[in-house]
Amino acid sequence: MEPKEQLTYNFEEIETRHQKNWEENALFTTTEDSDKPFYYVLEMFPYPSGRIHMGHVRNYTIGDVIARFKKMNGFNVLHPMGWDAFGLPAENAALKHKTHPAKWTYENIDYMKKQLRRLGLSYDWSREIATCDPSYYKWEQLFFIKMLEKGIVYRKKSTVNWCESCQTVLANEQVEDGKCWRCSEEVINKELDGWFFKITDYAEELLSYCDKLTNWPDKVISMQKNWIGKSAGAGVVFNLVGSEKKIEVFTTRPDTLYGVTFVCLSVDHPLVEILLKDNPVKNEAEEFIRNVKLIPAEIKFGETLEKDGFFTGKYVVHPLMDVEIPIYLANYVLIEYGTGAVMGVPAHDTRDFQFAKKYSLPIKTVIIPEDNSIDPDNLADAYTENGIMINSNGFNGLSSIDVKEKIINCLEKAKLGNKEITFRLRDWGISRQRFWGTPIPIIHCPNCGIVPVPEKDLPVKLPLNMEIDEKGRSPLHTSEEFYKVSCPLCNATGRRETDTMDTFVESSWYFARYTCPQDENTALAKESARKWLPVNQYIGGIEHAILHLLYSRFFTKVLRDIGYLEIDEPFEKLMTQGMVLKDGAKMSKSKGNVVDPDLMIKKYGSDTIRLFILFAAPPERDLEWSDHGIDGSHRFIQRVWRLVTGNIEELSVNYPEDLFKMDILPGNLKKIRRKTHQTIIKVRDDLEKFHFNTAISALMELVNELYGVINTENNKVDKAKWAVIKEAVTNMILLLSPFVPHLSDEMWLILGRTGSVSNQAFPVGDKEIAREDEIIVAIQVNGKLRGEVNVPAGADENEIKTLALSDPRIQKHIEGKAIKKIIFVPGRIFNIVV
RNA sequence: GCGAGAGUGGCGGAAUUGGUAGACGCACUGGACUUAGAAUCCAGCGGGGUGACCUGUGCGAGUUCAAAUCUCGCCUCUCGCACCA
């Protein structure tokens, strides 16, 4: 390009000026009185941890592109932002800095909000919410009470991590190698009363609706389905020898019933105490139980737990055979799942096989594969497939699949079992012995028992005048000022519930509150909810694929059933974005590979970061941060900037349309127009599919072609040429605007237009202009590329055949061989098989 | 361990879903411009071979005229696992 006096690209000045302009004109403030179709796009709100990290930048940039794209397509777009403000880190920080969690949290919110604004994200800030605000959690407390009335909330015991020396409950995160993270004392399990949400009541619906979530990624759906874990099988009763008592087990493999050689109980099973009464092995058994109970939750449910067992000396009777079967205690049987007891079939279950080998228990094969490929008397490993029954009384020779039903029938006749469906999903324990969370609105009265706080007394506010103690314990448990209250029913002195709710509760309904964030009369205004919900597009990290999304789905159904919402599912479409990595690993302080968005904004500006993060990888994949890569994005932006500012004179002229009609243009300009419209079509299409990286590379190609024509055609007064370039540049600015909104708005002004590009319509390409009139068809011989021919777009097989057979390269490869077959894929491949 | 993904040049990635592998960008190399550097512009760039060609999408088989894409069997990495959010 010719050297010419140009405006410098001062991104800091340009970006802050346009941000100010958008805000002053309330460009992204959304109201409900609009004739346009409604569209709700939401990104998962952040925890106010202190500063924005690159994962946030990525998440919010993706959402912003969609919000801006939809707005330009004529939608009334709701695009809100808020703060998931309760949680453990605030308590830790408060402890460290001797301050109140609220102070720390709100300071973080202030700072992070500035950072988000500086990124030029098109949020409607008038709808901002923070979940730690009483005006938010008040409604959550009300939901809790309504759920209690409905029987969706109940109380039961559960096991927590407990540190004896700190006298406090620990989160899994606070347990390091089975030890307390503060004092390194061994962590033990402790039983505690707590509140539970009956998510299992919704298991069937949560599962069946998975199939209606057709715009969710398959991987998330299958993770959710597996998490809910429906399995059909049988409940089987084993009567205790010499006792009225019985052990009930659940099995998905009733067909293996004749292969049972032992039964295992969880150490928490209620029968254990009875079995051990006056038992000679009582002491050893109790030692075993103590050891199992010491296994911290993180190891018990995960990692490689070494299978361990203990023989009780007691037996049960097989329900369909006259055989006595030994009862073991086992560390791998969980009281939380099924009945807390399992039947051991070593021949057909891998875990049972290991267990039987370890304790020299018999291994009885009852199913063999049809091809007889295993030796039933000497198994090398458990055979877990279906097959043909053996050693099973009247069922021998039948298929194991058919036998399931038949054995259940036998059990039903004998009144020793029945068909059963179980779920892996457990009820959601929401009690936390923490300070910085939503107080549970309950009063424990010595006379009346459990009494909900009356609605008029809500919210139960979290006191701002107390501090977390040096062991990290919640002051609510010890503060009379907080817990000493009189019972609303009988006026007796009661004790306020001092536990708070799991922070997942707040994030399970925030998306709905954005539709009426300031409403003081109700949690959710019906009319607003009806207009906006469900969220049309939800975007967030894949790490939330199960818990947050499942809880939100559950909560939506609960809110429907207690009369607040009219929808069944919260999120119509879901996009899960990958992580931002540096040097192949997740960014973390401990690894020292953190890239600070603030520094990047200072060095390159927001548009460059946005562009790079969208260009460097498709959104659902992990993104490798590259300091060189971001230079490339910055270079592209400047290249675009020079393209406009360096040719401002020519681009400011208004060219009449008949100057650049396709049929009068020379080939090179025709090519530019064609490319322009192909790019419009491609970018629009890619945006619909979230293929931001390829949309951007298409725009790069267009810019490269424009430079090509400007550099090679030196005739500065060629009006047709500049008319074509102006069409391309104008569309380019519009197409770029969702990605780099500040740059686009600035170039729009430079070209003499007014207002923000975000108020313009997104371009629609002309298919006629975009159509290629000549195409290249690859010629293959036996599937190998041997040449190519240039043909008019509509060329038929015969034309291509003539050209192909006359090509000397092709002739060389088919010479002296008979043509067996010709495969022709129009517009692509012409394959000669010889 | 269980569940779910991913694997393509030196690097990030593309490939119309079975049809010319490597678009676009980074890095690198050469050239132009410049007193010099920066910036910019132009060209080259999977590996082997002077060449025609051969070879190549984690590994090993298979289906097909044709496989990065489909099937089977492995390997490696990442995420989630219920009190981190």
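Chain A is the first sequence line, chain B the second, and so forth, proteins listed ahead of strands; every chain is numbered from 1. None of the values given here were measured: they were computed from a predicted structure.
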By nearest nucleotide on RNA chain B, pick out whichever of A/Asn693 and A/Ala171 is the more 5' one.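 Its nearest nucleotide being more 5', the pick is A/Asn693.
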Please compare A/Ile696 and A/Asp427 by the position of their nearest nucleotide in RNA chain B and report the one closer to 5'. A/Ile696
Parsed dot-bracket for RNA chain B after applying the Watson-Crick and G-U rules with both distances under 3.5 Å and | for other-strand partners is (((((((..(((......[....))).(((((.......))))).(((....)))..(((((..]....))))))))))))....
Syn if the chi torsion is within 90° of 0, anti otherwise; quick check, which is B/rG9? syn
Taking syn as within 90° of 0 and anti otherwise, name the glycosidic form of B/rU8. anti
Closest nucleotide among [options] to the [X] side chain:
X: A/Leu547; options: B/rA27, B/rA14, B/rA82; value: B/rA82
X: A/Phe504; options: B/rC65, B/rG25, B/rA85; value: B/rA85
X: A/Val160; options: B/rU20, B/rC41, B/rC83; value: B/rC83

Please report the distance, rounded to the nearest Å, between [atom1] in [X] and [atom2] in [N].
X: A/Ile613; N: B/rG13; atom1: CD1; atom2: C1'; result: 16 Å
X: A/Glu91; N: B/rC84; atom1: CD; atom2: P; result: 13 Å
X: A/His53; N: B/rA85; atom1: NE2; atom2: P; result: 14 Å
X: A/Phe197; N: B/rC83; atom1: CZ; atom2: C1'; result: 15 Å
X: A/Gln577; N: B/rC79; atom1: CD; atom2: P; result: 15 Å
X: A/Ile430; N: B/rA85; atom1: CD1; atom2: P; result: 14 Å
X: A/Phe196; N: B/rC83; atom1: CZ; atom2: C1'; result: 11 Å
X: A/Asp686; N: B/rA23; atom1: CG; atom2: C1'; result: 12 Å

Would you mind classifying the nucleic acid contact of [X] as base, sugar-phosphate or nothing, using non-hydrogen atoms under 4.0 angstrom?
X: A/Leu699; result: nothing
X: A/Pro46; result: nothing
X: A/Leu88; result: sugar-phosphate
X: A/Gln174; result: nothing
X: A/Ile776; result: base
X: A/Glu701; result: sugar-phosphate
X: A/His691; result: nothing
X: A/Phe636; result: nothing
X: A/Thr503; result: sugar-phosphate
X: A/Gln638; result: nothing
X: A/Lys812; result: sugar-phosphate
X: A/His544; result: base
X: A/Ser431; result: base
X: A/Met44; result: nothing

Side-chain donor-acceptor pair under 3.5 Å between [X] and [Y], yes or no?
X: A/Glu701; Y: A/Thr679; answer: no
X: A/Trp216; Y: A/Gln224; answer: no
X: A/Asn189; Y: A/Thr159; answer: no
X: A/Asp427; Y: A/Tyr154; answer: yes
X: A/Asn226; Y: A/Arg424; answer: no

Which value, in whole Å, describes the distance between the [atom1] atoms of nucleotides [N] and [M]?
N: B/rA27; M: B/rC42; atom1: P; answer: 16 Å
N: B/rA61; M: B/rG1; atom1: C1'; answer: 29 Å
N: B/rA39; M: B/rG30; atom1: P; answer: 16 Å
N: B/rG3; M: B/rA15; atom1: C1'; answer: 31 Å
N: B/rC74; M: B/rA67; atom1: P; answer: 24 Å
N: B/rC59; M: B/rU76; atom1: P; answer: 15 Å
N: B/rA4; M: B/rU57; atom1: C1'; answer: 24 Å
N: B/rA66; M: B/rC70; atom1: C1'; answer: 13 Å

So does [X] get a side-chain nitrogen or oxygen closer than 4.0 Å to the phosphate oxygens (OP1/OP2) of [N]?
X: A/Arg786; N: B/rC53; answer: no
X: A/Arg426; N: B/rA82; answer: no
X: A/Arg635; N: B/rA27; answer: yes
X: A/Lys784; N: B/rU55; answer: yes
X: A/Ser697; N: B/rA14; answer: no

Under 3.5 Å donor-acceptor, A/Tyr707 side chain and A/Arg639 backbone: yes
Under 3.5 Å donor-acceptor, A/Thr500 side chain and A/Phe435 backbone: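 No.
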Under 4.5 Å between any side-chain heavy atoms of A/Val777 and A/Ile775, yes or no? yes
How are the rings of [X] and [Y] set relative to one another: parallel (under 30°), tilted (30 to 60°) or perpendicular (over 60°)?
X: A/His634; Y: A/Tyr604; value: perpendicular
X: A/Phe555; Y: A/Phe197; value: tilted
X: A/Phe554; Y: A/Tyr202; value: perpendicular
X: A/Phe739; Y: A/Phe692; value: perpendicular
X: A/His53; Y: A/His56; value: parallel

Is a donor-acceptor contact shorter than 3.5 angstrom present between the side chain of A/Asn831 and the base of B/rC65? yes
Atom pairs under 3.5 Å, N or O on each side, protein against nucleotides 3-12 of chain B: can you list them with distances?
residue, atom, partner, partner atom, Å
B/rG3, O3', A/Asn226, ND2, 2.8
B/rG3, O2', A/Asn226, ND2, 3.1
B/rA4, O3', A/Ser222, OG, 3.3
B/rG12, O2', A/Ala616, O, 2.4

Determine, using ring centers only, whether A/Tyr510 and A/Trp83 are less than 6.0 Å apart.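 That pair fails the under 6.0 Å test.
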